[in-house]
*Asks:* 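The structure that follows is given in the form of structure tokens.
It should be emphasised that the depicted structure is a prediction, and the values quoted were computed from it without experimental measurement. We use all heavy atoms of the structure for the numbers below, so side chains are in, but hydrogens, waters and symmetry mates are not.
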Amino acid sequence: MSMTPRERVLAAMRKEKVDRPPVAVFTQSATIGQMEALNVFWPEAHSNPKAMAKLGAGQADVLGFEAVRAPFCLTAEAERLGCMVDPGKQDRTPMLKTHPFKFDPMMGEYDEPNLMSPEEFLKSGRPAAVLEGIKLLKESHGKDYVVVAGNTGPFTLAGHLVSTENLVFGIMMAPDEVTKWIKAVNPLCKAYTQALSDAGADVIQMSEPSASTDLLSPDMFDDYAGSYLKECLASVKDAFSVLHICGNTTPLIDHMVGTGVSGLSIEEKVDPKEGVRLVNKRAFVVGNVGVVNPLLQGTPEDCYKHGKIVKEAGFDVVSPGCGLSALISNDNLKALVKAVKDN
């Protein structure tokens, strides 16, 4: 049975029979090696749709992965809503510099979340550039590859606007104010998710790093993240939905599955076999080769070995466990690809 990369990834996500698991990057996929090979670079590719689409296809065109993916950071939505953003450099993604709204649990001072409408949100700024980039990726690569679009989860986005630290303190001191802000951003997250699908994305991979067990206990997850993810991500039409949360999500897997998303992207801190066992075919599973070790710090031989471990653990899509560092070498990424493609 011979399959194209697109056929293989789609079948894996549908839990259908495949000739082998696909290997693809569902999280941040760009590296300096790809930039140099394609002569397109950060920070331009964060806001220029043509550059974004060209670099988003680099994982397939340069390295042999079996999907294409854009954008490359989690700041587009926050910037559109008023956060100042450092655009980053060739080797560094953009970073938030300000949180424009007052949210002070210690003083009991809170701005009202008077945000723009979803329609206005999608009209311009980097979200609009991303939508155009996804359209271009679909036109150039959608026949042969699945198009993955990334965006930011509601709890994380609310934290970008008011400071994640203050938002977490607010859960203990002013939970109603926290809920008010998450409810305010959720329609924007939902509209952006659907707009990415409408632009041509086959998969929406939403990152919700602030909902990790480092910040939220599992019993808080459903109230402050899970119920909103169900509404804004799992409900997307005409696309698969993939939830990514950083860190050791072993205690969260049941909660993540409970959001109703199509797939889970899990990091290397979760034991591969245990992660597959816990999901128990209730969603497809993406991951979880270590981004730092072996991909950044290891050798090609290390990367090949880890790729085989994840493949044999039963992951539906073998992938880095989190977004790639731009400094990861082509040789290490090609070794991961080879590990999965080899019999």
Side-chain angles (χ1 to χ4, degrees), residues 1-31 34 58-60 62-69 144-148 150 202-203 205 207 240 242-246 249 253 261-281 283-296 298-325 328-343:
M1 177 174 59
S2 179
M3 309 180 82
T4 68
R6 179 176 176 84
E7 290 169 343
R8 186 174 293 110
V9 175
L10 288 174
M13 293 190 298
R14 292 171 181 148
K15 302 295 242 173
E16 297 171 353
K17 186 176 181 180
V18 291
D19 52 350
R20 60 162 172 79
V23 55
V25 187
F26 273 34
T27 49
Q28 195 298 104
S29 62
T31 59
Q34 295 171 62
Q59 65 161 301
V62 177
L63 300 171
F65 285 99
E66 298 179 281
V68 296
R69 199 265 194 199
D144 299 315
Y145 295 94
V146 161
V147 177
V148 182
D202 301 290
V203 179
Q205 180 270 301
S207 294
F240 292 92
V242 176
L243 173 60
H244 176 82
I245 299 178
C246 299
T249 52
I253 283 179
V261 295
S262 313
L264 306 187
S265 169
I266 60 177
E267 214 181 273
E268 58 269 20
K269 291 181 181 178
V270 178
D271 177 79
K273 289 184 178 179
E274 180 68 0
V276 171
R277 186 189 71 80
L278 288 170
V279 176
N280 193 27
K281 303 185 184 302
F284 66 85
V285 192
V286 182
N288 73 337
V289 179
V291 172
V292 176
N293 185 16
L295 288 175
L296 179 61
T299 64
E301 292 75 20
D302 296 329
C303 297
Y304 186 94
K305 177 182 176 182
H306 280 247
K308 286 290 188 187
I309 290 170
V310 171
K311 178 182 178 181
E312 290 164 7
F315 274 69
D316 298 293
V317 180
V318 179
S319 177
C322 196
L324 296 181
S325 162
I328 294 173
S329 71
N330 284 1
D331 288 346
N332 279 7
L333 291 167
K334 287 179 178 179
L336 169 57
V337 171
K338 188 174 188 299
V340 182
K341 292 185 177 181
D342 281 354
N343 291 329

*Asks:* I need the F26 CZ to S265 OG distance, nearest 0.5 Å.
*Replies:* 8.5 Å
*Asks:* Which atom names give the shortest non-hydrogen contact between A12 and V317, and what distance separates them?
*Replies:* CB-CG2, 4.4 Å
*Asks:* Does the R69 side chain pair with the main chain of V148, one donor and one acceptor, at a distance under 3.5 Å?
*Replies:* no
*Asks:* Looking at H244 and Q205, what are the two nearest heavy atoms and their distance?
*Replies:* CB-NE2, 3.2 Å
*Asks:* For D202 and R6, what are the C-alpha separation, side-chain angles and deciding distance, and is it a side-chain contact (heavy atoms from CB on, under 4.5 Å)?
*Replies:* CA-CA 10 Å; D202 301 290; R6 179 176 176 84; 2.9 Å; yes
*Asks:* Looking at NZ of K338 and CG of D331, how far apart are the two atoms once the value is rounded to the nearest 0.5 Å?
*Replies:* 13.0 Å
*Asks:* Can you name the side-chain hydrogen bond (donor to acceptor under 3.5 Å, both in side chains) partners of H306, sequence neighbours left out?
*Replies:* none
*Asks:* Decide yes or no on side-chain contact (heavy atoms from CB on, under 4.5 Å) for V318 and L336, but give the supporting numbers first.
*Replies:* CA-CA 9 Å; V318 179; L336 169 57; 4.2 Å; yes
*Asks:* I'd like to know if the side chain of N332 reaches the main chain of L295, judged simply by a donor and an acceptor atom lying under 3.5 Å from each other, with no hydrogens or angles considered.
*Replies:* yes
*Asks:* What are the two closest heavy atoms between C322 and T27, and how far apart are they?
*Replies:* O-OG1, 2.9 Å
*Asks:* Please determine which of Q59, K341, R8 meets the side chain to side chain donor-acceptor pair (under 3.5 Å) test together with E66.
*Replies:* R8
*Asks:* Is the backbone of A30 close enough, under 3.5 Å, to the side chain of Q28 for a donor and an acceptor to pair up by distance?
*Replies:* yes
*Asks:* Got K15 and D316 here, is their nearest side-chain heavy-atom distance under 4.5 Å?
*Replies:* yes
*Asks:* Taking the side chain as every heavy atom from C-beta outward, state whether S2 and D19 have any pair of such atoms under 4.5 Å apart.
*Replies:* no
*Asks:* Sub-3.5 Å donor-acceptor pair from the side chain of S262 to the main-chain atoms of V242, do we have one?
*Replies:* no
*Asks:* Step by step, work out the side-chain contact (heavy atoms from CB on, under 4.5 Å) result for F284 and V9.
*Replies:* CA-CA 11 Å; F284 66 85; V9 175; over 6 Å; no
*Asks:* Rounded at 0.5 Å granularity, tell me how far CG in L324 sits from OG in S319.
*Replies:* 7.5 Å
*Asks:* Looking at every heavy atom in both I266 and G275, which two are closest together, and how far apart are they?
*Replies:* CD1-CA, 4.1 Å
*Asks:* Tell me, which pairs form a salt bridge (Lys or Arg N to Asp or Glu O under 4.0 Å) where one or both residues lie in residues 261-281, sequence neighbours left out?
*Replies:* E274-R277
*Asks:* Grab the two heavy atoms, one from A24 and one from P320, that are nearest each other, plus how far apart they are.
*Replies:* O-CD, 4.0 Å
*Asks:* Just to verify, what does D144 make a salt bridge (Lys or Arg N to Asp or Glu O under 4.0 Å) with, not counting sequence neighbours?
*Replies:* none
*Asks:* Could you report the tightest heavy-atom contact between V291 and G321, atom names first, then the distance?
*Replies:* CG2-N, 4.1 Å
*Asks:* Which distance, rounded to the nearest 0.5 Å, do you find between the OG1 of T31 and the CG of L296?
*Replies:* 11.5 Å
*Asks:* Are any non-hydrogen side-chain atoms of P21 and F315 less than 4.5 angstrom apart?
*Replies:* no
*Asks:* For a side-chain contact (heavy atoms from CB on, under 4.5 Å) check, start with the C-alpha distance between Y304 and D342, then their side-chain angles and the critical distance, and finish with the verdict.
*Replies:* CA-CA 10 Å; Y304 186 94; D342 281 354; 2.8 Å; yes
